[in-house]
Amino acid sequence: MAEVRVRFAPAPTGFMHVGNLHTALFNWLFARSQGGKFILRIEDTDELRFTPEAVQVIYDGLRWLGLDWDEGPDIGGPCAPYVQSERLAGYQETVQQLLDEGKAYECFCTPEELEERRELMRARGLPPRYDGRCGELDEAERQKFRDEGRASCIRFRVKQTGTTVINDLIQGEVAYENSLIADGIIQKTSGFPTYHLACVLDDEAMGITHVIRAVEHLPNTQLHLQLQEALGIQPPQYAHLPLVLGPDRTKLSKRHSAVSVVEYAEMGYLPEAMFNFLALLGWSPGDEQEVLSREEIIKRFSLEACSSSPSVFDLQKAEWLNGEYIAALAPEELAQRVLPFLVEAGLFEAEPSEKRMIWLGQVCNLMKERIKLLTTFTTWARYFFTDDYEYEDRAREKWLSREDTPDKLDMLADRLDALESWNVDSVEAAVRGLAEELEVGAGQVIHPCRAAVTGTTIGPSLFHLLEVLAQGDVVARLRRTAALGRAGQLRPRKHA
RNA sequence: GGCCCCAUAGUCUAGUGGUUAGGACUCCGCUCUUUCAAGGCGGCAGCACGGGUUCGAAUCCCGUUGGGGCUACCA
């Protein structure tokens, strides 16, 4: 059997939302699961919308998710170039051939005229499509238009009888009436091909075996199939993926917040979590497993298992998945991931020593099970990095505003200060010792201590977090908090 | 408007004629006790509707409704 070759062919518009990435991912997964090739092709046939930076956005998105391509604009390959604007001569040659064979014709209608006629037809309740009038012109009439200086585009003469049947790997068999489509433009006045022509030609030239794209292209496939027939091209297999919708249930676009995939990185999502999450949109391994590694997904992926119904991109579940991935990360790995966020927040040096990274790993070890996004780490773990943290209202209410708290904190500070070794056990002994002496439950010391040292009522095991903090800092924080308490400055600020 | 696609809880999904309709997220409750935003346990909530076919339909067919896509010199 021939090698599987698939492609991801985005238009460089400056946007790379999750819908695009989803398509790229499924192509990549199919290629990898089949031992085939994943090709990146840039479809920049829309001169008006093209921006050079947009190509970079595509690279960034694919790289972030870890989707490597085997052939593409930057790395070349046997079918180079992989940018359509560099393949113009080939398209034009084919257009000429179709023209010569009478399968295509010049159309002299201007965009304004076309729009006007469409309006008119709509007003009459008729389908607003091109009537094919320029296809009836004889050479003399065409020459007359040319002499008038009218510009022309090229239209493909579509079949007007019968039906075109698409055997789609995901959507099944779909039939379209040929009489319902108009002669499509294959070459614009500018000489650039339209998507339809360029796509069909390049898929052929690049040996694409499976066209896996979003279902919005399903209706276009009718035209593509006819083009292929006219050109004697063996069509590839088609697999049209269901759309990924925004929360408003419409096709994802720049209107939705999800403009660029890089935003998810900035929001604190792990690429491996997003990979897993996106794979589960429209595909399922068939059993109840949901947290799957990249390797497992590749191994179990198939187009047959892809759903044909659209899905809504809902970050809630992605966040949960992200938390699962964070919790599973080795502490030192999490330290690396979290470092840029800490640096950004001004809580950590940009080039830390090995020792500092080990320490950061300890903090991560304490926090990783409760963090859902990398960004929350900088707020939830703030007290590990600075003495400048807030005393939350809840902490003030429950413990810090209590009259007996300052004394307790000072007593604990003395005991901790006197400790010769600083570790979980010694710290725990000191805390419990004080509780015993005061004849109160351990919680009566633990809670005020946590509130004083972290400013909050929640977090990891107190003894473990104290161990990670420096002895001197802990003692200072306890004394500072005690003083503030006595001064009446730790009363709740808000009242419910 | 025309054509096409889709339809299991708020969301992601399993399910291909016989299941108490399964799992996950969210939410809620309980629990653990050193706190919860963590862990454990439990709960709420679903086959869009109407007709068929069948001994029997989430599952097959038709219709309706709803949603979406296409109908561009965008892709």
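Each chain gets a letter, A, B and so on, in the order the sequences are listed, and its residues count up from 1. Computed over heavy atoms, backbone and side chain alike; hydrogens, waters and symmetry mates excluded.
- In this entry U16(B) has no Watson-Crick or G-U wobble partner, no candidate having both defining distances under 3.5 Å.
- Searching all strands for a Watson-Crick or G-U wobble partner of A7(B) with both distances below 3.5 Å returns U65(B).
- Heavy-atom nearest nucleotides on RNA chain B were determined for Ser311(A) and for Leu180(A), and the one closer to the 5' end corresponds to Leu180(A).
- In this structure, Tyr91(A) has its ring center no closer than 6.0 Å to that of Phe192(A).
- As judged by a 4.0 angstrom heavy-atom cut-off over every strand, Gly282(A) is placed among residues touching the sugar-phosphate backbone only.
- The P atoms of C49(B) and U8(B) are separated by 11 Å, rounded to the nearest whole Å.
- On the P atoms, G46(B) is 9 Å away from A9(B), given to the nearest whole Å.
- Between Glu113(A) and Arg150(A) there is a salt bridge, since a side-chain N of the basic residue sits under 4.0 Å from a carboxylate O of the acidic one.
- Distance Leu126(A) CG to G2(B) P: 11 Å, rounded to the nearest Å.
- The nearest whole Å value for the distance from the CG atom in Leu252(A) to the P atom in C12(B) is 13 Å.
- The same atom, C1', is picked in A21(B) and in A38(B); the two are 32 Å apart, to the nearest Å.
- Counted by atom type alone, Thr456(A) and Glu392(A) present one or more donor-acceptor pairs between their side chains at under 3.5 Å.
- Residue Asp314(A) comes nearest to Phe277(A) through the heavy atom pair O-CZ, 3.3 Å, listed as atom of the first residue, atom of the second, then distance.
- Nucleic acid contact for Glu290(A): base, since at least one base atom lies under 4.0 Å from a heavy atom of the residue.
- Under the Watson-Crick or G-U wobble criterion, with both distances below 3.5 Å, A21(B) has no partner in any strand shown.
- For the C1' atoms, the distance from U13(B) to A58(B) is 14 Å, rounded to whole Å.
- With ring centers used as reference points, Tyr195(A) lies under 6.0 Å from His224(A).
- Nucleotides G18(B) and U59(B) place their C1' atoms 11 Å apart, quoted to the nearest Å.
- In this structure A57(B) sits in no base pair that meets the Watson-Crick or G-U test at under 3.5 Å.
- Using a 4.0 Å heavy-atom distance criterion, Pro460(A) is classed as a base contact.
- Under the 3.5 Å distance criterion, the side-chain polar atoms of Asp183(A) are matched with a main-chain donor or acceptor of Val158(A).
- Counting to the nearest Å, the C1' atom of C36(B) and the CD1 atom of Ile371(A) are 12 Å from each other.
- One can place CG of Leu278(A) at 19 Å from P of U11(B), the figure rounded to the nearest angstrom.
- Using a 4.0 Å heavy-atom criterion, one finds that Gly125(A) contacts the sugar-phosphate atoms exclusively.
- With distances taken from any side-chain atom of Ile446(A) to the nucleotides A38(B), U34(B), C25(B), the minimum falls on U34(B).
- The pair Arg155(A)-Glu136(A) fails the salt-bridge criterion, with no side-chain N (NZ, NE, NH1 or NH2) lying under 4.0 Å from an Asp/Glu carboxylate O.
- If you check the side chains of Tyr391(A) and Thr481(A), you find a donor sitting under 3.5 Å from an acceptor.
- Side chain of Asn276(A) to backbone of Glu272(A): no donor-acceptor contact under 3.5 angstrom is found.
- The partner of C70(B) is G2(B), judged by Watson-Crick or G-U wobble contacts that both fall below 3.5 Å.
- Comparing G50(B) with G66(B), their P atoms are spaced 16 Å from each other, to the whole Å.
- Closest to the side chain of Trp320(A), from the set U26(B), C5(B), C6(B), is U26(B).
- Between Lys368(A) atom NZ and A38(B) atom P there is a gap of 15 Å when expressed in whole angstrom units.
- A ring-centre distance under 6.0 Å is not found for Phe145(A) and Tyr105(A).
- When only modelled atom types and interatomic distance are considered, Asn178(A) and Gln226(A) share a side-chain donor-acceptor pair under 3.5 Å.
- Ring geometry for Trp69(A) versus Tyr59(A): interplanar angle under 30°, hence parallel rather than tilted (30 to 60°).
- Thr457(A) comes within 4.0 angstrom of a base, heavy atoms only.
- Searching all strands for a Watson-Crick or G-U wobble partner of G42(B) with both distances below 3.5 Å returns C28(B).
- Closest contact between the side chain of Leu280(A) and the listed nucleotides C36(B), C12(B), U11(B) involves C12(B).
- Looking at Arg213(A) and Asp203(A), no side-chain N of the basic residue comes within less than 4.0 Å of a carboxylate O on the acidic one, giving no salt bridge.
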Got a list of protein N/O to nucleotides 18-22 of chain B N/O distances below 3.5 Å?
{"from": "G22(B)", "atom 1": "O2'", "to": "Glu288(A)", "atom 2": "OE2", "distance (Å)": "2.6"}

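- No N or O donor and acceptor, one from the side chain of Gln289(A) and one from the base of G23(B), sit under 3.5 Å apart.
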Requested in this report: Would you mind building the protein contact string for nucleotides 68-75 of chain B? One character per nucleotide, 5' to 3', B for base within reach (heavy atoms under 4.0 Å), S for sugar-phosphate only, - for untouched.
Outcome: SSS-SBBB

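- Side chain of Asp314(A), nearest nucleotide from U11(B), U13(B), C6(B): U11(B).
- Residues Phe277(A) and Arg450(A) both approach RNA chain B. Their nearest nucleotides, taken by heavy-atom distance, put Phe277(A) toward the 5′ side.
- With both ends at atom C1', the span from U34(B) to U19(B) equals 45 Å, rounded to whole Å.
- When rounded to the nearest whole Å, the span between CG of Leu25(A) and P of C12(B) equals 17 Å.
- Within the 4.0 angstrom heavy-atom criterion, base atoms lie near Ser461(A).
- Straight-line distance from the NZ atom of Lys317(A) to the P atom of C27(B): 14 Å, rounded to whole Å.
- Regarding Trp283(A), its CH2 atom lies at a distance of 16 Å from the C1' atom of G15(B), rounded to whole Å.
- Comparing G15(B) with G22(B), their P atoms sit 15 Å apart, to the nearest whole Å.
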